[in-house]
Amino acid sequence: MTDHVCVTSPSGSKSANKADWSPLKGRNVVIWPDADEPGGKCAETVGNLLADAGAASAAILTPPDGVPEGWDAGDAVQENWTVEQALALVQAATIRKSFGKALDGSPRSKSGKPSAGKRKAPKQCDTLLGALDDAQLWHSPEKAAYATISVNGHREHWRIDSSVFQRWAAGRFYRSTGGAPAGQMLADALRVLSVRAIEDGTCYKPMMRTGWVNGASWLDLCDDNWCAVKITANGWEVVEHPPVKFVRSETMAPLPVPEAGHLIEEFRGHVNADDNDYSLIVAWLVAALWGRASAYPVLALGGEQGSGKTTMARMLRTLADPSAVPALALPKDERDLFVQAMSGHTLSFDNVSKVDAWFSDAVCRLSTGSGFLTRKLHSDSEPFWFQGSRPVLLNGIPSLTDRADLAERALTVRLLRIDETTRQSEDDFWQEWTKVLPGILGSLLDAVSSAVRRYDETKLERSPRMADFARLMAAAEPGLGWETGAFMAAYDANRQATTEQVFESDPVAVAIEKFIPTQHPTNGWEGTATDLFAALNQIVSDDMRRSRFWPSKVNALGNAVDRAAPLLWHNGIHVTKRNTGAQRLIILTVV
């Protein structure tokens, strides 16, 4: 029939409300349903949708008598129907039953006869929910509601309360109705979706930038097509539709597409540090890209003015987790810190002048994945928590790892001053770096592939505080072209130097080390905190006793001894505590 155009909607009879019917606005439409119950229901739904879309008329034809169940227009073609037969069936439809407006434009009742009344439109909120029906709803272990949506041929994963998902929902409503959803209507619809995601959706673990699925490490490139790199024991490849529920914040920036066939030595000329510190920087990057990590070392970049600490931090960020905000200011409290952790895979704090006790403790917890729990804003009891770990990078002129607990988790690197004859302009440096960045990223992924291949079988003779990190690098060494044990040698030397530096900055540790050899060189010492406080006060200077670094009370000394215990252990003094019931004793044993 040359005066008719045949169209159909995708995805079967239950998906009519997912199609865009607006191109049929102003047209006379005849609906040819399948000869079964689902076909009839679909025809009724399509009729209503056409009325909403502004079709001039919408009529439903009745299949001929005697046809088998499920018979449709395709079967008529197979049966060699003539144009006259099809036209007769179509013309009969306009007489038997129609929706919306009649052919003359007058309103039509449900019976198919003209009516003076208007057909009642569906509620706008229902229309909006129908437009969002193809979103896959799910939730995280923390009961945060998410949706997986199709955008331009790829899948994206967003929190339902995110601005990105809200924009997508408003766009779907516009394409369905030609209008914009009211603010309250959109908020109501998103609340409904959140309830459905949490109560009916599947629980998945959302992953940010890196992940581990089915024996492979994954890296989200954060590009517009939502591609990711799959890293296996046999190498790595870019995958267009990764199975990982990668989530993003709007500040996350794309990584370059990595290039194969490069060596990590191409990175060496861009790092102004000695060989040991260069090895530790590479190790931090490998750990940041490792999708199986549950803990990350803290990288503390130090150096005098003019050593390029800020530039180095930005450069490392482009390899580990590019961001529109590459450097952060120190947060004002723990809550702000963990909100920052939810906005990116890597946290980089620039120009840090000092590390307060609370920040040091919080970074330690963030390094090893201890988590954070507080109440939600504007709520008296509802919990809000973050569970996970993040790579952290600090840079500043002074030493940033003076506290023993942070020092044990840190790689303390000292950058060398850049000579004026070799210093490049910012533009030249970043142009050159952009060229070599894909190859360096590819060489780091080779190291991660080696770790995937060797991690489970790798055993350490001794385990440092960051044991999983040390094991990872032992497994990754072949992928970097390093000799076996090269990383542990550099790591041990760094830990020893950091421990000595931290020891010298801890006045209680220094005083105890001085106290034991002179007073109890063989058997050590045992007594209460009060006894130890009195003994140490006798051997430290008056200036030290009056300084803010020396404990002012006995209970403060007890806490200081606990913090100094790892440092004393490295210097041959073992600290233990014992409660006899009558007294709480501190025992200092010479190892």
For a side-chain contact (heavy atoms from CB on, under 4.5 Å) check, start with the C-alpha distance between M473 and L480, then their side-chain angles and the critical distance, and finish with the verdict. CA-CA 10 Å; M473 290 312 302; L480 295 167; 3.9 Å; yes

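- The residues D161 and R159 are annotated as salt-bridged, a charged nitrogen and a carboxylate oxygen being separated by less than 4.0 angstrom.
- The CZ atom of R414 lies 9.5 Å from the CG atom of L416; values are rounded to the nearest 0.5 Å.
- Of the N and O atoms on the side chains of D446 and S449, not one donor lies less than 3.5 Å from an acceptor on the other residue.
- No side-chain N or O of S279 forms a donor-acceptor pair with one of W482 less than 3.5 Å apart.
- Between the CG atom in L289 and the CG atom in L255 there is a gap of 7.5 Å [rounded to 0.5 Å].
- The only member of W236, W212, W290, W218 that meets side-chain contact (heavy atoms from CB on, under 4.5 Å) when paired with I231 is W236.
- Side-chain atoms of R155 and H241, non-hydrogen and from C-beta on, do get closer than 4.5 Å to each other.
- Here the two rings, on Y278 and H270, have centers that are 6.0 Å apart or farther.
- Using a distance-only test at 3.5 Å, with no hydrogens or angles considered, no donor-acceptor pair links the side chain of Q340 to the main chain of P331.
- Residues forming a salt bridge (charged side-chain N to carboxylate O under 4.0 Å, His left out) with R172 (at least two apart in sequence, or on another chain): D134.
- Side-chain atoms of L444 and V448, non-hydrogen and from C-beta on, never get closer than 4.5 Å to each other.
- Panel note: side chain S389, backbone G369; no donor-acceptor pair is recorded below 3.5 Å.
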Could you go through the side-chain contact (heavy atoms from CB on, under 4.5 Å) check for M466 and R409 one step at a time? CA-CA 6 Å; M466 301 295 290; R409 294 166 172 84; 3.9 Å; yes

Kindly determine whether F267 and H262 satisfy ring-ring contact (aromatic ring centres under 6.0 Å, His included), including the steps that lead there. CA-CA 10 Å; F267 183 46; H262 292 262; over 10 Å; no

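- Closest non-hydrogen pair, A511 versus I539, comes out as O-CD1, 3.3 Å.
- Taking every heavy atom of both residues into account, S307 and E304 meet most closely at OG-O, 2.7 Å.
- Two rings, from F359 and F349, have their centers less than 6.0 Å apart.
- A salt bridge between K354 and D356 is present, with a side-chain N of the basic residue lying under 4.0 Å from a carboxylate O of the acidic one.
- Residues L219 and L445 form a side-chain contact, since some pair of their non-hydrogen atoms from C-beta on lies under 4.5 Å apart.
- Under the 4.5 Å side-chain criterion, counting only non-hydrogen atoms from C-beta, V575 is not in contact with I587.
- Salt bridge absent: R423 and D428 never bring a charged side-chain N and a carboxylate O closer than 4.0 Å.
- Residues N351 and N395 bring no donor and acceptor atom of their side chains to less than 3.5 Å of each other.
- No donor-acceptor contact under 3.5 angstrom links the side chains of E156 and T148, judged on distance only.
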Where do R462 and D492 land on the salt bridge (Lys or Arg N to Asp or Glu O under 4.0 Å) test, with the steps shown first? CA-CA 11 Å; R462 50 188 175 77; D492 286 343; 2.4 Å; yes

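- Tested against I160 for a side-chain contact (heavy atoms from CB on, under 4.5 Å), the candidates I198, L137, L132 yield a single pass: L137.
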Evaluate the criterion salt bridge (Lys or Arg N to Asp or Glu O under 4.0 Å) for residue pair R268 and D275; output intermediate values, then yes/no. CA-CA 9 Å; R268 183 66 182 95; D275 290 341; 3.0 Å; yes

Given W433 and T318, is the side-chain contact (heavy atoms from CB on, under 4.5 Å) satisfied, shown in steps? CA-CA 10 Å; W433 176 248; T318 62; 3.0 Å; yes

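- Taking the charged nitrogens against the carboxylate oxygens, R471 and D468 have no contact shorter than 4.0 Å, which rules out a salt bridge.
- Taking OG1 of T368 as the reference point, atom CD of E408 lies at 11.5 Å (rounded to 0.5 Å).
- T499 places a side-chain N or O within 3.5 Å of a backbone atom of R495 that can act as its donor or acceptor partner.
- In this structure, F469 has its ring center under 6.0 Å from that of Y491.
- In this structure, N152 places its CG atom where only 12 or fewer heavy-atom neighbours from other residues, nucleotides or ligands lie under 6.0 Å away.
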The test is side-chain contact (heavy atoms from CB on, under 4.5 Å); show your working for T576 and H574 and say whether it passes. CA-CA 7 Å; T576 57; H574 189 197; 3.8 Å; yes

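- Atom CG of D350 is separated from atom CG of L330 by 9.5 Å, given to the nearest 0.5 angstrom.
- Across all their heavy atoms, M252 and C222 have their closest contact at CE-SG, 3.6 Å.
- The minimum heavy-atom distance linking F503 with A509 is given by the pair CZ-O, 3.5 Å.
- For the pair V508 and L557, the minimum side-chain heavy-atom distance is below 4.5 Å.
- Listed here is the closest heavy atom pair of A144 and Y146: O-CD1, 3.3 Å.
- We find the CG-CZ distance between L285 and R317 to be 12.5 Å, quoted to the nearest 0.5 Å.
- With respect to D562 and K577, a salt bridge is recorded, a charged nitrogen being found less than 4.0 Å from a carboxylate O.
- Remark: R454 pairs with no residue by the salt bridge (charged side-chain N to carboxylate O under 4.0 Å, His left out) rule, at least two apart or across chains.
- Distance alone, capped at 3.5 Å, is enough to place a donor-acceptor pair between the D321 side chain and the H345 backbone.
- Salt bridge R167/E250: present, at least one basic N to carboxylate O contact under 4.0 Å.
- Atoms NE2 and CG, from H570 and L568 in turn, are 10.5 Å apart once rounded to the nearest 0.5 Å.
- Comment: D220 does not engage R209 in a salt bridge, judged by the lack of any side-chain N to carboxylate O separation of less than 4.0 angstrom.
- D361 and R365 are not joined by a salt bridge, as no carboxylate oxygen comes within less than 4.0 angstrom of a charged side-chain nitrogen.
- A heavy-atom distance below 4.5 Å is found between the side chains of D405 and S360.
- Partner of C227 under the side-chain contact (heavy atoms from CB on, under 4.5 Å) criterion, chosen from N225, D224, V229: N225.
- In this structure, the side chains of Y296 and T346 stay at 4.5 Å or more apart for every pair of heavy atoms.
- For the residue pair V413 and D277, the shortest heavy atom distance occurs at CG1-CB, 3.6 Å.
- Ring orientation note: the planes of W158 and W226 are nearly perpendicular, at an angle over 60° on the 30°/60° scale.
- Remark: side-chain polar atoms of K230 are not paired, donor with acceptor, to backbone N or O of S217 under 3.5 angstrom.
- A donor-acceptor pair is defined here as one N or O able to donate and one able to accept, closer than 3.5 Å; no such pair exists between the side chain of T210 and the backbone of G291.
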